[in-house]
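Since the structure comes first, as structure tokens, the remarks are kept for the end.
The figures that follow rest on heavy atoms only: side chains count, while hydrogens, waters and symmetry mates do not. First listed ligand is number 1; within each ligand, the first listed atom is number 1. Treat the numbers as computed from the prediction; the structure is a model and nothing was measured. Along the sequence shown, residues carry numbers from 1.
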Amino acid sequence: MALLLAACSAPADIRDSRFIMGTLVEFTVAGADEAASTVAITAAANEMQRIENAFTIYGNQNNSVKRFNRSQVGASVQLPEEISTLLATALTIKRESNGAFDPALGRLNRLWGFSLPEAPTSPPSSRAIEQAMPPATCIEKRNSGWARLHETCMLDFGAIAKGYAIDRGIEILRNHGIANAIINAGGDIRLIGSHGDQPWRIGIRHPRNRGEVIQSLELQGDVAVVTSGDYERFYIFKDKRYHHILDPKSGWPANTAQSVTVIAKSAMQADAWSTALFISEGHPDISRNLNIRLLIVNNRGEITKNTL
Ligand code: AMP
Ligand code: MG
């Protein structure tokens with residue numbers, strides 16, 4: 001009887017969700033007191049919202065990233081430590097990915113407009129794209145701060161900030177004593193601990209069949225799973241799909257993959273690398289030395305690599 005009661009009174013999952021970073025962010029906490037979980041989730045959500053406000057280049061609110069993007073070419077600008085650190089990480093990943101990941105595509109991303117409140121329905125002209133393309137060396141670190149080296153160089157953390165925000169959200173949950181939780185930001189996930197005596201179960205979206213899962217995973221401990229896909233923000237124009245992940249070499253949407261999923265230690269790394277490898281389709285020279293697991297669906301819908 002006592003055992004039965006104990007089983008029945010095991011706390012249920014505590015769930016909550018918020019709309020942050022243009023997506024529904026779902027928080028699930030297992031095995032914890034409801035009141036404490038609610039406080040922890042609220043704190044985590046507030047931190048993630050703070051990060052969105054600090055990094056976004058859209059909306060009316062002012063922030064340091066937007067000020068940097070408007071700064072005089074060649075002038076040194078001090079950035080807050082948090083932004084400076086993420087920028088340094090992003091530039092390292094740019095180098096390691098042979099330029100596939102580029103945090104200075106703000107101008108080009110804005111031209112394509114996938115993150116604008118009203119996304120366009122047809123591509124910009126080749127001429128406009130050429131004019132918005134930044135040079136290979138765009139952002140310079142100096143003792144006195146950061147400088148942009150050309151009018152087209154504008155920061156956009158859209159491919160890494162969500163992962164960073166998820167990591168910070170998990171850190172806040174942990175600081176509140178939560179040991180078992182998932183933060184799921186529109187399919188980009190970090191999880192800690194387990195779901196009772198089971199691992200957490202998550203599904204990777206099929207890039208073409210809406211509502212379908214291409215692979216489900218059972219994971220526990222501390223792990224991040226992030227997917228970049230051409231189905232997230234896109235339109236079809238004259239039978240061709242145009243989407244939000246741009247190849248910095250051409251200025252056009254990358255066309256070698258439908259989706260790339262990365263499992264890594266941090267959501268920030270998984271976020272940046274899923275974007276980078278989407279562009280270079282898991283280029284073996286790049287992915288070999290990384291401590292990550294991968295699922296790649298190529299542009300014909302075939303799974304070409306799966307180490308999940
Ligand atoms: P994700 O959904 O994480 O793959 O990130 C895509 C977002 O990152 C886009 O909406 C852009 O804001 C930005 N972005 C697009 N192409 C790139 C790129 N090649 N490198 C870095 N960021 C990019
Ligand atoms: Mg990304």
Side-chain angles (χ1 to χ4, degrees), residues 21-23 25 51-52 55-59 65-66 69 86-87 89-117 119-120 123-124 129 132-134 136 138-139 152-167 185-190 205 207 224-235 242-264 266-283 286 290 292 294-297:
M21 302 174 297
T23 195
V25 182
I51 291 168
E52 174 181 0
F55 283 94
T56 185
I57 58 168
Y58 297 97
V65 178
K66 288 180 186 171
N69 285 348
L86 200 67
L87 177 53
T89 303
L91 290 173
T92 301
I93 295 170
K94 172 176 173 167
R95 202 179 55 242
E96 290 174 344
S97 67
N98 298 330
F101 179 94
D102 190 342
L105 294 184
R107 178 91 160 240
L108 190 65
N109 289 325
R110 200 171 249 283
L111 175 69
W112 278 94
F114 287 98
S115 298
L116 294 171
I129 291 169
M133 295 259 290
C138 219
I139 308 290
T152 52
C153 303
M154 292 191 175
L155 298 178
D156 176 354
F157 290 91
I160 189 171
K162 196 203 276 182
Y164 172 65
I166 294 171
D167 287 336
D188 296 344
I189 288 166
R190 182 157 161 195
R205 263 184 73 174
V225 187
V226 177
T227 301
S228 284
D230 68 0
Y231 53 84
E232 293 174 322
R233 273 173 268 160
F234 73 97
Y235 54 79
Y242 296 87
H243 63 86
H244 70 304
I245 305 169
L246 305 178
D247 183 344
K249 295 209 165 64
S250 69
W252 290 76
N255 58 13
T256 56
Q258 292 179 355
S259 75
V260 172
T261 302
V262 168
I263 297 189
S266 77
M268 180 189 72
Q269 287 288 332
D271 191 1
W273 280 106
S274 65
T275 306
L277 295 171
F278 183 98
I279 290 149
S280 44
E281 209 204 336
H283 197 289
I286 299 173
L290 298 167
I292 58 177
L294 272 176
L295 172 69
I296 295 170
V297 181

Location of contacts on P248 toward ligand 1, heavy atoms closer than 4.0 Å: side chain
Identity and separation of the nearest protein heavy atom to atom 18 (C) of ligand 1: L105 CD1, 3.6 Å
Any donor-acceptor N/O pair, S228 side chain to T275 backbone, under 3.5 Å: yes
Heavy-atom proximity to atom 4 (O) of ligand 1, best of S115, S228, S274: S228
Non-hydrogen atom of F114 closer than 4.0 Å to ligand 1: no
Short side-chain to backbone donor-acceptor contact, T56 and E52, under 3.5 Å: no
N/O donor-acceptor pair under 3.5 Å between H243 side chain and N255 backbone: no
Contact atoms of ligand 1, heavy-atom distance to D271 under 4.0 Å: 3 (O)
Non-hydrogen atom of A100 closer than 4.0 Å to ligand 1: yes
Candidate with minimal heavy-atom separation from atom 9 (C) of ligand 1, of H243, H244, R233, R110: H244
Any donor-acceptor N/O pair, K66 side chain to G59 backbone, under 3.5 Å: yes
In the protein, N/O/S atoms that are found under 2.8 Å from the Mg ion (ligand 2), waters not counted: A159 O, D271 O, D271 OD1, T275 OG1
Minimum side-chain heavy-atom gap D271-F157 below 4.5 Å: no
Sub-4.0 Å heavy-atom approach of K162 to ligand 1: no
Near-ring test Y242/F114, centroid separation under 6.0 angstrom: no
Under 3.5 Å donor-acceptor, W112 side chain and G251 backbone: yes
Atom 23 (C) of ligand 1 - nearest protein heavy atom and its distance: A159 CB, 4.0 Å
Per-atom contacts of ligand 1 with F101, taking only distances under 4.0 Å to non-hydrogen atoms: 20 (N), 21 (C)
Atoms in ligand 1 flagged as close to I279, the criterion being non-hydrogen separation under 4.0 Å: 18 (C), 19 (N)
Close side-chain approach of M21 and F55, heavy atoms under 4.5 Å: no
Candidate pair T227 and S274, rule side-chain contact (heavy atoms from CB on, under 4.5 Å), full reasoning: CA-CA 6 Å; T227 301; S274 65; 5.9 Å; no
Identity of the nearest option to atom 19 (N) of ligand 1, non-hydrogen atoms only, from L246, N109, D102: L246
Close-contact set for ligand 1 against E232 heavy atoms, below 4.0 Å: 2 (O)
Under 3.5 Å donor-acceptor, D167 side chain and A267 backbone: yes
N/O donor-acceptor pair under 3.5 Å between D188 side chain and V226 backbone: no
Backbone of I57 reached by a side-chain donor or acceptor of R110 within 3.5 Å: yes
